[in-house]
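What follows is one structure encoded as structure tokens, with my remarks underneath.
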Number of protein chains: 2
Amino acid sequence: MKELSPKQKAILKYVQGFIEKKGFPPSVRDIQGACKISSTSVVDYNLGLLERGGFLRRAAEVARGITLGAKAGPPQRPGILAVPLLGAIAAGAPIPVPEADTWRSAHEETVEVPEAMVRGKDEVYALRVKGTSMIDALINDGDTVLIHFQKSADRGDMVVAWLKDEKETTLKKYYPEDGRVRLQPANSTMKPIYVDRNNLEILGRVVGVIRDL
Amino acid sequence: MKELSPKQKAILKYVQGFIEKKGFPPSVRDIQGACKISSTSVVDYNLGLLERGGFLRRAAEVARGITLGAKAGPPQRPGILAVPLLGAIAAGAPIPVPEADTWRSAHEETVEVPEAMVRGKDEVYALRVKGTSMIDALINDGDTVLIHFQKSADRGDMVVAWLKDEKETTLKKYYPEDGRVRLQPANSTMKPIYVDRNNLEILGRVVGVIRDL
DNA sequence: ACATATGCGGAACGTCTGTTCTATTCTGCT
DNA sequence: AGCAGAATAGAACAGACGTTCCGCATATGT
């Protein structure tokens, strides 16, 4: 094997990151999804090549039996995640959007969160809340919100909603209704607002809130 | 869980050794075989107890999803703390009070928090919020609050206040005034309440809030 | 151009593995 | 003794997961 193909590099990098973040190795299908590979057989095939090259080892027939080989791998530190702190979120401004290389490159600032708070999810980042406009979501000035970047949401999810006409960012629970969308504050004593579906852009899902007093 | 049973010690030891030796976590049946346990359900049962005790973590529905927890292993992870979860806090009930040995033994569940949230303080414990009565403190049902046990507070601190006459627990900002005490909700749009100094008992100070969605 | 090797796609198979359910035994307490 | 809760057994279920097979596309060498 002369050199690693782009696909193999991606796989190796993903495996390294996965082990570091979660503490256990990824499955073939984890790799398939993350590296956008069309078939598990392709993953298996390339893993075989990587194994022959000494980049990793595989235990036969066991789930998640991948181990980093002699040629790869920083020591793993499970349990804690350094989530990139991308910036601030405020009522009158759109939120910073993660770039493709956000999770790879180094950052000015990170927030440490317990891995349990981000259970399972990938591509989570943090934003610092500025101002008291999110009070109806039970979120105060200075809080840190953990966002999972996604363009759609399930009914009832707390989402980062961008209201195009109003040019306003808000955190609300998402309830699609026919033609429009009901945005319900987490504080159930407060009234929902209704917006046209086309006026709403979902920027992410709120997976956690941290308040440090 | 007063102390680890022999079986639990064996499981924990085996998991540690397995990960160190093989590089990935064991399956439930690996543990069953090695520790001579008769049923996978017993392994599952004990793993659940170990997880609640903070000795390890498990990814749900994932093969070999075990990782060593905050309390386990000599490889203590820097930056993360296992805070004892003493119970629940609700409007109509006093909060559980920590015992002398609370911070030494594995008596109860734990919550992992970033060390930065507990900056310097010792004797911090966690309570799970039941009900929506703390809404005016921007705290919702299901949130986890981190409490520093103390009987007094500085002006402006967010405290756990026990109102003796009303037999009620509440979270408010503490502002002593002559003769009485003003308890100010964190949500500054809401009105404060005033209580007699003798009617108030401070049960602790709120140092952080974690909301996992 | 032909044969060969390499890599990719899609699907299916069989096992591995976590989880759950119910029944039974053990343990501590009154 | 009697009861309640903790712990254990055994089995079965539902997915997760590695592996394999076959067909097809693209290089590579002669």
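Remember, it's a predicted structure, so these values are computed and weren't measured experimentally. Chain letters run A, B, ... following the sequence lines, proteins first, then strands; residues in each count from 1.
Remark: B/Arg64 is in phosphate contact with C/dT17, judged by side-chain N or O atoms under 4.0 Å from OP1 or OP2.
At whole-Å resolution of the value, CZ in B/Arg57 and C1' in C/dG18 are 18 Å apart. Nucleotide C/dG14 holds its C1' atom 9 Å from the CD atom of A/Glu61, rounded to whole Å. Rounded to an integer number of Å, the gap from A/Ile31 CD1 to C/dG9 P is 16 Å. To the nearest angstrom, C1' of C/dG7 lies 14 Å from CG of A/Leu50. Between the CZ atom of A/Arg29 and the P atom of C/dT17 there is a distance of 14 Å, given to the nearest Å. B/Leu56 places its CG atom 13 Å from the P atom of C/dG18, with the value rounded to the nearest Å.
B/Phe149 and B/Tyr125 have tilted rings, their planes meeting at an angle from 30° to 60° on a 0 to 90° scale.
On the nucleic acid side, DNA chain D has its first and last nucleotide under 4.0 Å of a heavy atom of chain B at D/dA6 to D/dC17, going 5' to 3'.
Between A/Asp143 and A/Arg128 there is no salt bridge, since none of the side-chain N atoms of the basic residue sits less than 4.0 Å from a carboxylate O of the acidic one. A salt bridge between A/Arg205 and A/Asp154 is absent, with no side-chain N of the basic residue lying under 4.0 Å from a carboxylate O of the acidic one. Using a 4.0 Å cut-off between charged side-chain N and carboxylate O, A/Arg58 and A/Asp44 make a salt bridge.
Residue-environment remark: CD (A/Glu201) exceeds the threshold of 12 foreign heavy atoms within 6.0 Å. Counting non-hydrogen atoms of neighbouring residues, nucleotides and ligands closer than 6.0 angstrom, the NZ atom of A/Lys164 exceeds 12 such neighbours.
Scanning residues 35-46 of chain A for heavy-atom distances under 4.0 Å to DNA chain D yields A/Thr40, A/Ser41, A/Asp44.
Within the model, atoms CG of B/Leu47 and CZ of B/Arg52 stand 12.0 Å from one another, a figure rounded to the nearest 0.5 Å. Within the model, atoms OH of B/Tyr14 and CD1 of B/Ile31 stand 7.0 Å from one another, a figure rounded to the nearest 0.5 Å.
Nearer to the 5' terminus of DNA chain D, by closest-nucleotide assignment, is the contact made by B/Lys7 (compared with the other of B/Ala63 and B/Lys7).
Under the rule for a ring-ring contact (aromatic ring centres under 6.0 Å, His included), A/Tyr175 has no partner lying at least two apart in sequence or in another chain.
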